Novice: 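A single structure is presented below for examination.
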Amino acid sequence: MTVYLLPVIFSPEPHGPLHIFGRPVALSCMTSAAGLIHVSGYEGREVNVSCPYGEGYESYEKYLCKNDCGNDDVLITTTKKKRDRYSIHDDTQRRVFTATISHLSRTDVGMYWCGVTRTGKDIYTEVQLDHVEQDTCCDQSTNVQSYETSSVSFTCPYESEDQNSLKYICRGNQPSTCLQQKLISSDNQQNGRFGLTDNKTSGEFTVTITNLTQEDSGLYLCGVQHTGLDVFSAVKLEVKAWCCVKSNSLSGTVGGPVTMQCPYPPQHSDNRKFLCKGDHRHNCADMVTHQSRFTLQEDVSCVFPQQTSTVISPSTVEETVRSTSTHIPGIHIKDAAVFHTLVFVVPAVLLILTFALVVVYRYKCRKVAGPEVNMNKNNTKAADVEEVVEVADSQKLYSTVSAALIAPCAQSDRELLWLRGRSVSLIRE
């Protein structure tokens with residue numbers, strides 16, 4: 001009877017299956033690949049564990065296990081690529097298989113093993129899931145304000161050990177997807193309206209956003225790629241409407257000039273200044289460009305806040321203007337032409353009506369009175385004139401007209417001429 005002795009090599013590594021002549025046996029023996037893999041993740045998200053293997057093992061079975069890697073500890077294998085929260089993919093070209101754990105919770109923290117099945121001793125690589133953090137950031141944020149159509153810059157600090165690490169920013173407050181949804185990064189320092197510059201000496205990178213809109217308001221994350229979980233800081237950006245922060249009312253007189261002073265911060269000293277009329281920038285007309293009566297000059301000698309002055313030269317209308325601390329809203333113009341027309345037209349109309357009424361009543365009086373009026377005109381003339389004079393002195397133009405209508409009609413051209421002259425004199429008064 002021949003007895004074959006098979007040597008068994010024990011190791012302090014976790015227990016796993018031994019494969020003899022292609023059949024697994026429950027003995028504690030294995031070899032370990034070099035290195036230790038550290039991973040971390042966020043609650044509710046997923047973590048990828050990438051495990052390299054040597055040449056010649058492309059067709060071998062791979063798996064992920066935990067604890068002692070007994071049969072019940074195997075979580076996923078390449079022969080069954082999906083199981084509960086676990087999945088696996090083998091990239092034979094790169095000789096790396098990747099196991100994914102989804103829907104992470106803090107109870108998933110611990111030690112795992114990447115395994116390659118082979119006859120004899122399996123190959124293992126230790127994996128440590130160090131942290132599972134909440135997928136939100138951050139407890140504190142830096143507040144930054146700016147205005148529509150302008151630009152804004154903010155800085156993001158980092159540690160000296162991360163000088164050569166990738167820097168990036170994204171919108172929102174979810175660190176787990178920030179790198180995938182980055183707006184710009186240090187390896188591509190310009191992307192549309194976004195720019196990034198890295199100052200390694202001061203240990204901070206600066207992000208600039210141009211041509212701002214109110215939709216740019218919100219939370220941004222500054223990310224620095226790091227071993228394990230990336231490091232983040234938060235910036236809260238508020239983009240205010242184009243107009244108005246503060247309004248001031250000015251008024252001018254007809255024919256005179258009016259001056260508006262418009263202060264602005266020193267960082268806008270090189271920006272174009274303008275005066276426009278309208279309630280919003282989308283329908284605002286540049287008055288300095290289109291109106292010769294408007295002039296704009298900058299007072300470079302004054303200290304902060306600096307200001308520009310706009311002068312509106314004399315005109316025939318009264319203009320009420322509004323100004324703001326950083327922007328200039330519309331100019332409201334009152335037209336005085338109607339008032340001037342009424343001043344001259346109304347007295348002329350009254351004079352014409354007075355003459356017309358006198359002529360009509362003179363005609364009627366002659367027709368009714370006939371010859372009898374001529375016989376008594378000498379007796380009534382003095383009384384009529386006296387009554388007209390008394391009434392005119394007290395009631396001016398309108399009383400004169402009334403006296404002429406109710407008194408006996410003037411019977412001679414001399415009396416009519418006197419009445420007309422008196423009416424004109426009272427109108428002038």
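What's counted below: heavy atoms across the whole structure, side chains too, no hydrogens, waters or symmetry copies. The structure displayed is predicted, hence computed values, not measured ones.
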Novice: Quick one: does L75's side chain get under 4.5 Å of Y112's, heavy atoms only?
Specialist: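 Yes, at least one pair of side-chain atoms sits under 4.5 Å.
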Novice: Identify the heavy atoms of S202 and E204 that sit nearest to each other, and give their distance.
Specialist: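 Taking S202 first and E204 second, the nearest heavy atoms are OG-CG, 3.2 Å.
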Novice: Taking side chain as C-beta onward, heavy atoms only, is V39 less than 4.5 Å from D130?
Specialist: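 No; the side chains remain at least 4.5 Å from each other.
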Novice: Please enumerate all residues that pass side-chain contact (heavy atoms from CB on, under 4.5 Å) together with V109, with sequence neighbours excluded.
Specialist: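 With sequence neighbours excluded, V109 shows a side-chain contact (heavy atoms from CB on, under 4.5 Å) to V132, given in chain and number order.
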Novice: Counting distance only, does the side-chain N/O of K167 pair as donor-acceptor with the main-chain N or O of S165 below 3.5 Å?
Specialist: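 Pair found, side chain donor or acceptor close to backbone of S165.
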Novice: Looking only at side chains, do T98 and N48 share a donor and an acceptor under 3.5 Å apart?
Specialist: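 There is no such pair between these side chains.
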Novice: Holding to side-chain contact (heavy atoms from CB on, under 4.5 Å), I want the full list of residues that pass it with Q190, two or more places apart in sequence or in another chain.
Specialist: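 None.
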Novice: Distance-only, no hydrogens or angles: does the E161 side chain make a donor-acceptor pair with backbone N or O of E159 under 3.5 Å?
Specialist: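 Answer holds: no.
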Novice: Please test K66 against M111 for side chain to side chain contact (heavy atoms under 4.5 Å, CB included), starting from the C-alpha separation and ending with a verdict.
Specialist: CA-CA 6 Å; K66 66 183 306 184; M111 186 168 58; over 6 Å; no
Novice: To the nearest 0.5 Å, tell me how far T117 OG1 sits from D122 CG.
Specialist: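 Here the interatomic distance stands at 4.5 Å.
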Novice: Please find the pair of heavy atoms, one from I88 and one from K62, that lie closest to each other, and give the distance.
Specialist: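 For I88 versus K62, the nearest heavy atoms are CD1-O, 4.0 Å.
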Novice: Looking at CD of Q297 and OG1 of T259, how far apart are the two atoms once the value is rounded to the nearest 0.5 Å?
Specialist: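 OG1 of T259 is found 8.5 Å from CD of Q297.
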Novice: Can you list the residues that meet the ring-ring contact (aromatic ring centres under 6.0 Å, His included) rule with Y57, with sequence neighbours excluded?
Specialist: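 If we apply the ring-ring contact (aromatic ring centres under 6.0 Å, His included) test to Y57, skipping adjacent residues, the hits are Y60.
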Novice: Hey, are R106 and E43 close enough for a salt bridge, meaning a charged N less than 4.0 Å from a carboxylate O?
Specialist: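 Salt bridge flag = yes for E43 with R106.
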Novice: From N199 CG over to Q163 CD, what is the distance, rounded to the nearest 0.5 angstrom?
Specialist: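 N199 CG to Q163 CD: 10.0 Å, rounded to 0.5 Å.
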Novice: Would you say the side-chain atoms of N164 and K200 include a donor-acceptor pair closer than 3.5 Å?
Specialist: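 Yes, side-chain donor-acceptor contact under 3.5 Å.
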Novice: Would you say the side chains of S153 and T208 form a donor-acceptor pair under 3.5 Å?
Specialist: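 A pair is found: one side chain offers a donor N or O, the other an acceptor, under 3.5 Å apart.
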Novice: In the structure I gave you, are the side-chain heavy atoms of L212 and T149 within less than 4.5 Å of one another anywhere?
Specialist: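 A side-chain contact is absent here, since even the closest heavy-atom pair is not under 4.5 Å.
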Novice: Mind checking whether Y42 and T177 have side chains closer than 4.5 Å, heavy atoms only?
Specialist: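 Side-chain contact under 4.5 Å: no.
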Novice: Please identify each residue that fulfils ring-ring contact (aromatic ring centres under 6.0 Å, His included) with Y86, with sequence neighbours left out.
Specialist: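 Residues passing ring-ring contact (aromatic ring centres under 6.0 Å, His included) with Y86: none at all.
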Novice: Measuring from I76:CD1 to K81:NZ, what's the distance to the nearest 0.5 Å?
Specialist: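 It comes to 10.5 Å.
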Novice: Please test L237 against N143 for side chain to side chain contact (heavy atoms under 4.5 Å, CB included), starting from the C-alpha separation and ending with a verdict.
Specialist: CA-CA 6 Å; L237 174 62; N143 295 325; over 6 Å; no
Novice: Do you see a donor-acceptor pair shorter than 3.5 Å between the side chains of T79 and E61?
Specialist: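 Result is yes, a qualifying pair exists.
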Novice: In Å and rounded to the nearest 0.5 Å, what is the OG to CZ distance from S87 to R83?
Specialist: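 The OG atom of S87 sits 13.0 Å away from the CZ atom of R83.
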Novice: May I ask you to check whether S185 and D187 show a side-chain donor-acceptor distance below 3.5 Å?
Specialist: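 Judged by distance alone, the side chains do pair up.
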Novice: Give a yes or no on whether a salt bridge exists between D108 and R85, defined as a side-chain N under 4.0 angstrom from a carboxylate O.
Specialist: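 Salt bridge flag = yes for R85 with D108.
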Novice: Check whether any side-chain heavy atom of F205 lies under 4.5 Å from a side-chain heavy atom of L196, and answer yes or no.
Specialist: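 F205 vs L196: side chains touch.
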Novice: Stepwise, does the side chain to side chain contact (heavy atoms under 4.5 Å, CB included) test hold for R171 with Q181?
Specialist: CA-CA 8 Å; R171 293 200 65 169; Q181 299 176 358; over 6 Å; no
Novice: Rounded at 0.5 Å granularity, tell me how far CZ in F154 sits from NZ in K236.
Specialist: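 Going from the CZ atom of F154 to the NZ atom of K236 covers 14.5 Å.
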Novice: Are D73 and Y63 linked by a side-chain donor-acceptor pair shorter than 3.5 Å?
Specialist: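 No donor-acceptor contact under 3.5 Å links the two side chains.
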Novice: Kindly give the heavy-atom pair with the smallest separation between W113 and Y124, and that separation in Å.
Specialist: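 Nearest pair, atom of W113 first, then Y124: CB-CD2, 3.8 Å.
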Novice: Can you see which heavy atom on S40 is nearest to which on L129, and at what distance?
Specialist: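 Reported closest heavy-atom pair: CA-CD1, 3.9 Å.
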Novice: Show me the donor-acceptor pairs, under 3.5 Å and distance only, between side chains in residues 217-235 and residues at least two apart or in other chains.
Specialist:
| residue | atom | partner | partner atom | Å |
| --- | --- | --- | --- | --- |
| S217 | OG | Q214 | O | 3.2 |
| S217 | OG | V239 | N | 2.8 |
| Y220 | OH | D216 | O | 2.8 |
| H226 | ND1 | D162 | OD1 | 3.0 |
| D230 | OD1 | H226 | N | 3.1 |
| D230 | OD2 | Y168 | OH | 2.6 |

Novice: Please find the pair of heavy atoms, one from D135 and one from P175, that lie closest to each other, and give the distance.
Specialist: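 Closest heavy-atom pair between D135 and P175: OD1-CD, 3.2 Å.
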Novice: Please name the pair of heavy atoms, one in I184 and one in F194, separated by the smallest distance, quoted to 0.1 Å.
Specialist: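 So the two residues come closest at CD1-O, 3.2 Å.
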Novice: Going through the checks in order, is the side chain to side chain contact (heavy atoms under 4.5 Å, CB included) test met by C114 and V49?
Specialist: CA-CA 8 Å; C114 294; V49 181; 3.9 Å; yes
Novice: Have a look at S176 and tell me which of E133, E46, R45 forms a side chain to side chain donor-acceptor pair (under 3.5 Å) with it.
Specialist: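 Of the listed options, the one satisfying the test is R45.
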Novice: With a 6.0 Å cut-off (strictly less than), is the heavy-atom count around NE2 of H103, excluding the residue itself, greater than 12?
Specialist: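 Atom NE2 in H103 is not crowded, with 12 or fewer foreign heavy atoms closer than 6.0 Å.
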Novice: Is the CD atom of Q180 crowded by more than 12 outside heavy atoms at less than 6.0 Å?
Specialist: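 Count over threshold, so yes.
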Novice: Could I get the full list of side-chain contact (heavy atoms from CB on, under 4.5 Å) partners for D72, not counting sequence neighbours?
Specialist: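 Counting only residues at least two positions away or on another chain, D72 forms no side-chain contact (heavy atoms from CB on, under 4.5 Å).
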